[in-house]
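What follows is a single structure, written as structure tokens, with notes after it.
When reading the values below, keep in mind they use all heavy atoms of this one structure, side chains included, and skip hydrogens, waters and symmetry mates. Chain identifiers are assigned alphabetically (A, B, ...) following the order of the sequence lines, protein sequences preceding nucleic acid strands; residue numbering begins at 1 within each chain.
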Amino acid sequence: MRIATWNVNSITARLPRLLAWLESSGTDVLCVQETKCTAEQFPHEELRAIGYEAAVEATGRWNGVAVVSRVGLADVVHGLPDGPRYEEVAEPRALAATCGPVRVWSVYVPNGREVDHPHFAYKLRWFEALTAAVAGDAAGQRPFAVLGDYNVAPADADVWDTAVFEGATHVTPAERAALAALRGTGLTDVVPRPLKYDHPYTYWDYRQLAFPKNRGMRIDLVYGNAPFAEAVSDAYVDREERKGKGASDHAPVVVDLEV
DNA sequence: ATGCCGTATGTAATACGA
């Protein structure tokens, strides 16, 4: 089966490309981030018309996640259990579902903004809650993965220029320690192949020709438990989807599983 | 060519992104 994660940067703006991509890629399960819609606005009908159902955690213009599946959708968990609030709001940033033989979380980790901003402490607390929430499934025998926009580059090689990110979020030891703690539950980083160039970047800023210049970052990650990782037959970044008018600033990460 | 920021809100300007 084919499973993927994609920060679509508004599912409304991306709907034509999303529908076309689901069909052309043959994706069975897609974890979506930044739907930027209300639950009522989510395009269930359009997805159903091409054979997919969806579970959605979304509240409006910010954040929002979903799991879109054509191989079943069960045992949905809405929101991150015991997750921190930001400015007293429980933001829609996580959703779990079981799709056929695989259980997944679709996550949109808080950005952090600046290292001395309250949003950064919120980001680290959010990772702690995620780690606690997934520990059971991570240690289990069923294929399980946490897929999404982690807003952390795991290593220096995962950003196009480390000098640009000195003192910035996404590359700090604290964020990378949070990733290590998450892996400590039994998860491994399923690193995709780049279809071009040397690094499997998944995000390129819209500005300053970042994509044509390949000034990217690998921040969309697939963390799978042992049964998941052992079933992986291929993984790649579909950079073709970052091209052209109407693209998201993130490309899908695609994983093929022998399950 | 992959090409110089995009989205939602709301209808101008702002918040947000990383």
Side-chain angles (χ1 to χ4, degrees), chain A residues 5-18 21 32-43 56 58-66 86-87 89 91-93 107-124 126-127 148-176 178-179 194-221 236-253:
Chain A
T5 182
W6 189 13
N7 179 325
V8 295
N9 187 19
S10 171
I11 200 166
T12 306
R14 217 63 58 214
L15 189 58
R17 288 184 76 131
L18 172 65
W21 184 81
V32 181
Q33 300 85 38
E34 285 210 85
T35 57
K36 291 186 170 178
C37 66
T38 64
E40 293 73 22
Q41 292 166 331
F42 191 89
V56 182
T59 58
R61 70 184 297 196
W62 304 124
N63 314 307
V65 293
Y86 187 69
E87 295 180 344
V89 176
E91 298 179 318
R93 293 180 176 275
V107 300
Y108 179 48
V109 177
N111 173 290
R113 300 185 186 169
E114 308 290 341
V115 293
D116 57 352
H117 193 286
H119 211 259
F120 189 79
Y122 168 59
K123 182 179 193 173
L124 297 180
W126 204 92
F127 265 119
D149 180 352
Y150 282 62
N151 270 318
V152 180
D156 285 350
D158 296 314
V159 298
W160 61 276
D161 184 354
T162 55
V164 172
F165 292 91
E166 279 193 23
T169 60
H170 294 62
V171 297
T172 67
E175 289 163 289
R176 288 173 173 170
L179 286 185
L195 295 185
K196 190 178 180 183
Y197 304 126
D198 297 333
H199 299 282
Y201 299 144
T202 64
Y203 162 86
W204 301 260
D205 197 288
Y206 282 125
R207 290 166 286 190
Q208 299 177 311
L209 295 171
F211 182 62
K213 294 177 178 176
N214 200 33
R215 294 179 173 176
M217 308 173 74
R218 185 172 78 96
I219 55 175
D220 299 274
L221 308 177
Y236 64 93
V237 180
D238 189 357
R239 69 188 306 282
E240 295 299 310
E241 190 52 44
R242 180 61 180 78
K243 296 181 179 180
K245 186 176 177 61
S248 171
D249 43 1
H250 296 250
V253 177

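If you take atom P in B:dC4 and the same atom in B:dT9, they sit 25 Å apart, rounded to whole Å. With C1' as the reference atom, B:dA12 and B:dA1 are 36 Å apart, rounded to whole Å. Using P as the reference atom, B:dG6 and B:dT11 are 23 Å apart when rounded to the nearest Å. If you take atom P in B:dA8 and the same atom in B:dA18, they sit 15 Å apart, rounded to whole Å.
Across the interface with DNA chain B, nearest-nucleotide mapping of A:Y197 and A:I219 shows A:Y197 to be the residue nearer the 5′ end.
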For residues 148-157 of chain A, which side-chain donor-acceptor pairs fall under 3.5 Å, sequence neighbours excluded?
unit_1 : atom_1 : unit_2 : atom_2 : d
A:D149 : OD1    : A:N151 : N      : 3.1
A:D149 : OD2    : A:N7   : ND2    : 3.0
A:Y150 : OH     : A:V146 : O      : 2.8
A:N151 : OD1    : A:H170 : NE2    : 3.0
A:N151 : ND2    : A:V109 : O      : 2.8
A:D156 : OD1    : A:R176 : NH1    : 2.9
A:D156 : OD1    : A:R176 : NH2    : 3.3

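Between A:N7 atom CG and B:dG6 atom P there is a gap of 16 Å when expressed in whole angstrom units. Distance NZ (A:K245) to C1' (B:dC5): 12 Å, rounded to an integer number of Å. Per the geometry, CD belonging to A:E240 stands 12 Å off C1' belonging to B:dA1, to the nearest Å. Atom CZ of A:R239 and atom C1' of B:dG3 are 13 Å apart (whole Å). Look at CZ on A:F211: it is 11 Å from C1' on B:dG3, rounded to the nearest Å. In this structure, CG of A:L209 is placed 12 Å from C1' of B:dA1, rounded to the nearest angstrom. One interatomic measurement links the two molecules: CG of A:N214 to C1' of B:dG3, which rounds to 14 Å at whole-angstrom precision.
Although no hydrogens or angles enter the test, the distance criterion places no donor-acceptor pair under 3.5 Å between the side chain of A:R218 and the main chain of A:T202. Not one N or O on the side chain of A:T169 forms a donor-acceptor pair closer than 3.5 Å with the backbone of A:G112. Looking only at distances, no side-chain donor or acceptor of A:R93 sits under 3.5 Å from a matching main-chain atom of A:Q33.
Close placement of the A:Y122 and A:H119 rings is indicated, their centers lying within 6.0 Å of each other.
Side-chain atoms of A:N9 and A:Y206 form a donor-acceptor pair, as typed in the model, at a separation below 3.5 Å.
Ring planes of A:W204 and A:Y201: perpendicular class, angle over 60° (limits at 30 and 60°).
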Can you check each nucleotide of nucleotides 7-17 of chain B against protein heavy atoms at under 4.0 Å and return B for base, S for sugar-phosphate only, - for none, in 5' to 3' order?
SBS-----BSB
